[in-house]
Amino acid sequence: GEEYERFDREIETMGVRIKDADTVKVRDDVFDEVTLIALYKLVHKKLISAIGGPISTGKEANVFYGERDGRGLAIKIYRIQTANFKAMTEYLAGDRRFSSVRGTRKGLIFAWTKKEFSNLARAHEAGIPAPEPLAFDRNILLMEFLGEDEMPYPQLRNAEVEDYGAVYREILGYVERLYREARLVHADLSEYNILYHEKPYLIDMGQAVTLDHPRASAFLVRDIKNLNRYFSRYCDVADEEEIIKTLVGT
Ligand SMILES: N#C/C(=C\c1ccncc1)C(=O)NCc1ccccc1
């Protein structure tokens, strides 16, 4: 509609190019009013200088390639309409950091975006390979782009791995550091949420919970079971009970 033309003109004047034809198509059904405002604010703050094509599209969010002064960005935009409202509340309720969240759908999505930012920051501070969070506004999260020349690193499930045993142990090390140092449980660890390029990277931390969350240990067991299920196809895996004991143990 005409508001998009206005938006395009305005961000064009700010030197932001909608670089990619299918961004326009995706934009039409993705960029609702709230998203446009957030995008405009991030552009105004010079945090985005170019917007590229979609990297991932899902029912909860879309991730676009972006740039700031020639450096790659991942621009994650949480959808306000179709987000899985119920599932999100399970992760937020019980997390003291977000207990004051308004019951509105928009309020929930904004809290979720902020939560992913703070979880990524904690993972990054603990030295865990994950996208460095750069900024957030409303339902948009800017983070470091993990990839080369606008191509994101592949998900582990699509990657070529030489030594599965080594990668398995490396990821268990991340889970342990996430638990002991970042005081977080990923809560959705799988071959879909790990990127791989010479080493594994954790992504998608929106649902990660603090250790005081009532379901933290249940989520941890599920994460370990998921890893073992996937890696058992390629290498020997450790006993889940043992892993949890060493992880949670003193
Ligand atoms: N964060 C993130 C992601 C990639 C990414 C790539 C390169 N650098 C940083 C992040 C990503 O695809 N997440 C999964 C996802 C999100 C939204 C819809 C479907 C699937």
Using the rule that two of Ile, Leu, Val, Met, Phe, Trp, Tyr join whenever any of their side-chain heavy atoms come within less than 4.5 Å, decide whether Y234 and Y192 are in one cluster. no

**Message:** Test of understanding: clusters of I, L, V, M, F, W, Y form through side-chain heavy atoms closer than 4.5 Å, transitively. Do M151 and I75 belong to the same one?
**Reply:** no

Taken in chain and number order and not counting sequence neighbours, the residues that satisfy side chain to side chain contact (heavy atoms under 4.5 Å, CB included) with D236 are none

[X] side, atom [atom1]; [Y] side, atom [atom2] - distance, nearest 0.5 Å:
{"X": "H44", "Y": "Y40", "atom1": "NE2", "atom2": "OH", "result": "6.0 Å"}
{"X": "Y196", "Y": "I194", "atom1": "OH", "atom2": "CD1", "result": "11.5 Å"}
{"X": "D223", "Y": "D188", "atom1": "CG", "atom2": "CG", "result": "7.5 Å"}
{"X": "I48", "Y": "L73", "atom1": "CD1", "atom2": "CG", "result": "7.0 Å"}
{"X": "R68", "Y": "L42", "atom1": "CZ", "atom2": "CG", "result": "9.5 Å"}
{"X": "E176", "Y": "L220", "atom1": "CD", "atom2": "CG", "result": "10.5 Å"}

Tracing side-chain contacts under 4.5 Å among Ile, Leu, Val, Met, Phe, Trp and Tyr outward from I203 reaches L146, Y153, L195, Y201

Who passes side chain to side chain donor-acceptor pair (under 3.5 Å) against [X], sequence neighbours left out?
{"X": "K225", "answer": "E240"}
{"X": "T210", "answer": "D212"}
{"X": "E144", "answer": "none"}
{"X": "Y91", "answer": "R222"}

Mind listing the side-chain donor-acceptor pairs of residues 158-173 below 3.5 Å, one per line with the distance, residues two or more places apart or on another chain?
from: D163; atom 1: OD1; to: G165; atom 2: N; distance (Å): 3.1
from: D163; atom 1: OD1; to: A166; atom 2: N; distance (Å): 3.0
from: Y168; atom 1: OH; to: N228; atom 2: OD1; distance (Å): 2.5
from: Y168; atom 1: OH; to: A238; atom 2: N; distance (Å): 3.0
from: R169; atom 1: NH1; to: G165; atom 2: O; distance (Å): 3.3

Donor-acceptor pair, distance only, cut-off 3.5 Å: does the side chain of [X] make one with the backbone of [Y]?
{"X": "N119", "Y": "M205", "value": "yes"}
{"X": "D204", "Y": "N193", "value": "no"}
{"X": "R157", "Y": "E191", "value": "no"}
{"X": "S49", "Y": "E67", "value": "yes"}

Only one of I224, L178, V175, N226 passes side chain to side chain contact (heavy atoms under 4.5 Å, CB included) with L189, and that residue is V175

- request: Evaluate the criterion side chain to side chain contact (heavy atoms under 4.5 Å, CB included) for residue pair I80 and K106; output intermediate values, then yes/no.
  value: CA-CA 6 Å; I80 305 212; K106 225 163 60 170; 3.9 Å; yes

* To do: Could you walk me through whether H213 and F219 pass the ring-ring contact (aromatic ring centres under 6.0 Å, His included) test, one step at a time?
  => CA-CA 10 Å; H213 188 288; F219 291 153; 5.7 Å; yes

* Taking it one step at a time, do H186 and Q207 satisfy side chain to side chain contact (heavy atoms under 4.5 Å, CB included)? -> CA-CA 7 Å; H186 186 284; Q207 75 296 317; 3.2 Å; yes

* So do V63 and I77 actually touch side chain to side chain, heavy atoms under 4.5 Å? -> no

Requested in this report: Check whether any side-chain heavy atom of Y230 sits under 4.5 Å from a side-chain heavy atom of S190, and report yes or no.
Outcome: no

Polar side chain donor-acceptor pair, R79 to Q81, under 3.5 angstrom: no

Atom pairs and distances, side-chain donor-acceptor, residues 123-143, under 3.5 Å, sequence neighbours left out:
from: N139; atom 1: ND2; to: T35; atom 2: OG1; distance (Å): 2.9
from: N139; atom 1: ND2; to: Y78; atom 2: O; distance (Å): 2.8

All heavy atoms of R97 vs all of S118, minimum pair found to be NH1-OG, 3.2 Å

Salt bridge (charged side-chain N to carboxylate O under 4.0 Å, His left out) partners of [X], counting only residues at least two apart:
{"X": "R71", "result": "none"}
{"X": "K115", "result": "none"}
{"X": "R183", "result": "none"}

Q.
Could you go through I55 and F64, starting from their C-alpha distance and side-chain angles, then the distance that decides it, and tell me whether this counts as side chain to side chain contact (heavy atoms under 4.5 Å, CB included)?
A. CA-CA 5 Å; I55 294 173; F64 294 82; 5.9 Å; no

Residues at least two apart in sequence or cross-chain that pass ring-ring contact (aromatic ring centres under 6.0 Å, His included) with F145, listed by chain then number, are Y65

Residues R105, L108; criterion side chain to side chain contact (heavy atoms under 4.5 Å, CB included); working and verdict | CA-CA 5 Å; R105 172 177 290 273; L108 182 97; 5.6 Å; no

